[in-house]
Amino acid sequence: MTPSSTIAADSAAVDLARFTPGKIVRVDFADTATTPSYDIVIGNSILSEAATLIRLRLGARRSVIVTDSNVDPLYRARLEANLAAGGHDVLTHIVVPAGEANKNFAQLQIVLEKILAANIDRKSLIIALGGGVVGDMAGLAASLAMRGIDYVQIPTTLLAQVDSSVGGKTAIDTTHGKNTVGSFYQPCLVLADVTLLDSLSAREIRAGYAEIVKYGLINDPVFFRWCAAHGGQLVNGDHDAQIYAVGASCAAKAKIVAKDERESGVRALLNLGHTFGHALEVVTGFGNALVHGEAVALGILLALRLSARLGLCPQKDYDDVHAHFMTVGLPVKPPSIAYDIDRLMAYMAQDKKAEAGKITLILLRGIGQAFVSRDTDVKDIRAVWEEFLSK
Ligand code: GLY
């Protein structure tokens, strides 16, 4: 397994040399006075080094852990024991009920009340231990508590390790849609321990893997080839492959986020597959029928199909990605329900990324050559849905 894309330089080789095999990816912002830079530490013994890493990097001694009812029995005690042994005081832990349905105002209020009741001060930390729901909500709570206290992400799903824990998008869902209330608020450290992925179902791993392939498709054809060669090992639980791919994904995301924290330009590329995928998630009810990463995989195929239809990329690119998704067990067909293309189109137009009613899409001029398109004819988008849903 030859590393084929550049991982950002190790910024603290001395104290972190023992995290092998492991990686450190630095998220470096141009204006560190407004947005401090931070590290993402990736490896296979990170949870048992949490206290050391937090002390070395942040100097913090007190924290509140936010987790959910799935992760709490799996990892919270281990984290607390490690922190306590390292002389770190856990003021309290907060367990939110698991599931996207709980990423709402009511739970945010409960989390904030409990954080404030724990007697925090401005030097205390919030530690988000969990997947995307916990990370998004704990990050938002951290941005609001006392007008902003530091937080550390310890992502426990592959999707969170390669996407949601990095980049500082925090949010809750409202009746107006997913992630419609939130902030850009960067964590001060991300600790990604791939051994935590061992408790995930094969389906959850595959769903997270779709976001990994996305980075190759956006701007790194060599990484896509790595995925084609090693994706099978990764989804089957190979920790070295996971460390490499999480590192490469975080490095790719870090580069984009550092250039465009607030998504006024290049960050939109990270939405490859998401506008089509979001429409599928809405009509399938954001549930077990189609989980987020699976919707992204289908959305990527739709974006590639549209790109091929418009003559932007060869049909072979679509075929290669389709074949790879089949090999790793990602869906290549949407769940078989009755689809109303008008509804799908309407949801695409309402997407947060839409501007002045125009559907913004990420299309490809080839594998590794994604770009933002704001002028795709809706007739072509509709035609691609028709083709995709009829086969
Ligand atoms: N998940 C896309 C982003 O962080 O911008």
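Heavy atoms only: backbone and side chains are in, while hydrogens, waters and symmetry mates are out. Numbering of residues begins at 1 and proceeds along the displayed sequence. When a ligand or atom number is given, it counts from 1 through the structure's own listing order.
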Check this for me: does any side-chain nitrogen of one of [X] and [Y] sit under 4.0 Å from a carboxylate oxygen of the other?
{"X": "R206", "Y": "E294", "answer": "no"}
{"X": "E261", "Y": "R267", "answer": "no"}
{"X": "K123", "Y": "D121", "answer": "no"}
{"X": "K103", "Y": "D173", "answer": "yes"}

What residue and atom, counting heavy atoms only, is the protein's closest point to atom 1 (N) of ligand 1, and at what distance? D163 OD1, 3.0 Å

Residue and atom name of the nearest protein heavy atom (relative to atom 4 (O) of ligand 1), distance in Å to one decimal: K253 NZ, 2.6 Å

With a 4.0 Å cut-off on heavy atoms, is H274 touching ligand 1? no

Qualifying salt bridge (Lys or Arg N to Asp or Glu O under 4.0 Å) pairs with a residue from residues 137-164, counting only residues at least two apart or across chains: D163-K253

Does an N or O anywhere in K214 fall below 3.5 Å from an N or O of ligand 1? no

Does any N/O atom on R267 come nearer than 3.5 Å to any N/O atom on ligand 1? yes

Which atoms from ligand 1 have a heavy atom of L270 less than 4.0 Å away? 2 (C), 3 (C), 5 (O)

